[in-house]
Amino acid sequence: MAHNACVPDSDVAPQPTALILYGGTGDLAKRMVLPAIYDLFARGLLPSQFKLVGNGRGDVAHEDFREHIHEVLTEFASEPEPEQWKAFSANVLFAGGGFKDDDPGSLLEVIAEAERDLGGSPALIHYLAIPPVAFEETTKAILTHQLNQPGTKAVYEKPYGSSLDGFYALDELVHSVFDEEQIYRIDHFLGKEATQNLLLTRFGNRMFSDLWNAEHIEQVQIDVPETLDIADRAGFYDATGAGLDMVVTHLFQVAAEVAMEPPLSMGAEDLQAARESVVAAFRPLDPAEVVFGQYRSYRETEGIPEDSTTDTFAAARLWIDTARWQGVPFLLRTGKKMATGAQRVSLVFRPSDGPLHSMGHIPNALIFDLKGSGAIEIQLIVKKPGPDVVPAETCTSLNLANVADGAMSPYTSLIFDVLDGNRSLFTSSAGLEAAFKAYAPLQGDQRPKVQIYEDDSWGPAAADALAGDTGWLLR
Ligand code: BG6
């Protein structure tokens with residue numbers, strides 16, 4: 001479990017550390033990783049002896065990279081406070097010329113420079129914020145140039161593999177360079193405050209923990225519609241699609257977080273084991289219970305082939321073969337260019353048996369809003385004010401930001417865990433293998449046909465049927 005952000009005096013990774021950020025000037029680094037690293041620094045959560053080494057193909061001077069980070073922070077976080085910035089930027093370097101087997105560019109020299117500054121061999125963290133197609137080349141280069149000494153850590157972005165076979169091939173290569181304990185496969189949905197709250201809310205509150213099963217829960221909806229399109233990353237997206245970008249990754253991991261059996265403790269190993277063992281119980285998706293869609297204007301996007309059949313929408317009914325979840329569908333939905341943007345996990349309760357039974361089923365639900373600092377909502381039946389005894393539906397919401405100061409972005413939280421050596425919120429090799437196995441039926445001849453949906457809509461009508469009579473709570 002990620003550390004609470006309010007404690008700035010933690011003894012994090014006390015040894016000198018150099019974090020090498022591959023793709024240092026790329027989009028992911030800009031939006032997520034660099035702001036998170038600076039945030040850790042500002043909170044006093046980076047090791048006191050720390051170097052950030054950006055890597056990329058271009059020849060960028062150290063000073064230009066620092067300037068780039070300053071701009072990024074100003075755009076995506078807030079303008080750094082001058083004194084703090086001065087202290088941080090003094091520890092930022094850039095190694096240009098790429099990093100390959102046969103040509104390491106300037107990275108080895110820059111690491112040597114960092115070593116001299118730090119006065120000894122730093123622990124290395126390789127952060128691969130690069131497109132998945134480049135994982136193999138960079139991993140091989142790390143081996144060739146012997147940057148995988150014991151104590152080194154490697155962070156891989158998603159998707160880690162694009163099919164079961166692709167996963168096996170990549171994982172074999174990565175394991176030839178690092179031990180499993182050195183590998184951090186990041187899925188930032190697991191780092192969200194509200195996702196982490198799923199466990200605390202469930203296990204900390206008897207009123208929920210006792211109801212967390214098929215006897216009381218009718219269905220679980222994991223719904224992540226997005227309004228944005230893919231214009232700024234056409235190449236990556238067309239080769240990936242919604243299923244790989246979101247379902248086998250984020251949505252599966254969140255489903256596992258909801259569905260896990262109680263871990264033996266809240267310790268890192270027990271939590272990871274509990275999450276991953278439930279992924280192994282995911283029944284392989286049935287293509288007849290999956291709807292793939294593509295928004296109408298997708299093929300007009302620059303860089304997208306006009307006959308592309310990439311899915312920009314996916315909805316699926318997932319079944320989990322554990323006694324706890326017999327007969328309870330986990331409804332997963334996500335898509336680009338949809339009517340609204342949200343990230344919600346809803347546990348929909350069965351209708352109550354008592355005297356209100358005949359008045360129709362208004363669903364009770366416990367809802368986790370994963371966006372931003374997160375919220376927990378309870379959808380309840382109450383009496384409609386007035387002379388008659390009539391049920392009315394109402395919703396109450398707890399904004400998690402109001403619980404205490406110190407919420408962290410998912411990347412801040414997860415990079416802290418990397419420094420701290422805590423792998424509880426990272427996927428293991430066995431867990432990802434199970435996820436790809438459950439997703440595999442959608443990748444062969446049985447892949448559902450992609451149905452066109454209107455821009456800014458709720459996706460193909462066929463997806464509505466997956467949610468049965470209750471329907472999607474968001475519509
Ligand atoms: C990323 C996906 O991992 O998550 C994107 O590649 C998606 O397609 C994004 O938009 C959603 O993340 P966030 O930051 O909105 O939670």
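Not measured: the values here are computed from a predicted model. Atoms within each ligand, like the ligands themselves, are counted from 1 in listed order. The analysis underlying the following values was restricted to heavy atoms, covering all of them including side chains, and did not include hydrogens, waters or symmetry mates.
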- Message: Below 4.0 Å, non-hydrogen atoms only: which portion of Phe189 touches ligand 1? Side chain, backbone, both or neither.
- Response: side chain
Is there a donor-acceptor pair under 3.5 Å between the side chain of [X] and the backbone N or O of [Y]?
X: Glu276; Y: Gly431; result: yes
X: Lys153; Y: Val418; result: yes
X: Asp238; Y: Ile304; result: no
X: Arg185; Y: Thr427; result: yes
X: Gln443; Y: Ser162; result: yes
X: His126; Y: Leu147; result: yes

Within a distance under 4.0 Å of any heavy atom of [X], pick out the atoms of ligand 1 and give their elements.
X: Lys192; answer: 13 (P), 16 (O)
X: Gln343; answer: 13 (P), 15 (O), 16 (O)
X: Lys158; answer: 1 (C), 2 (C), 3 (O), 6 (O)
X: Lys336; answer: 5 (C), 7 (C), 8 (O), 10 (O)
X: Met32; answer: 14 (O)
X: Asp245; answer: 2 (C), 5 (C), 6 (O), 8 (O)

- Message: Using a strict threshold of under 4.0 Å (side-chain N to carboxylate O), is an ion pair present between Arg344 and Asp223?
- Response: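 Salt bridge between Asp223 and Arg344, a charged N being under 4.0 Å from a carboxylate O: no.
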- Item | Nearest-contact summary for atom 9 (C) of ligand 1 - protein heavy atom, Å | Glu226 OE2, 4.1 Å
- Is His188 close to ligand 1, meaning an N/O of one under 3.5 Å from an N/O of the other?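 Yes, His188 has an N/O under 3.5 Å of an N/O on ligand 1.
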- Item | Minimum non-hydrogen distance to atom 5 (C) of ligand 1, winning option of Met246, Arg233, Lys371 | Arg233
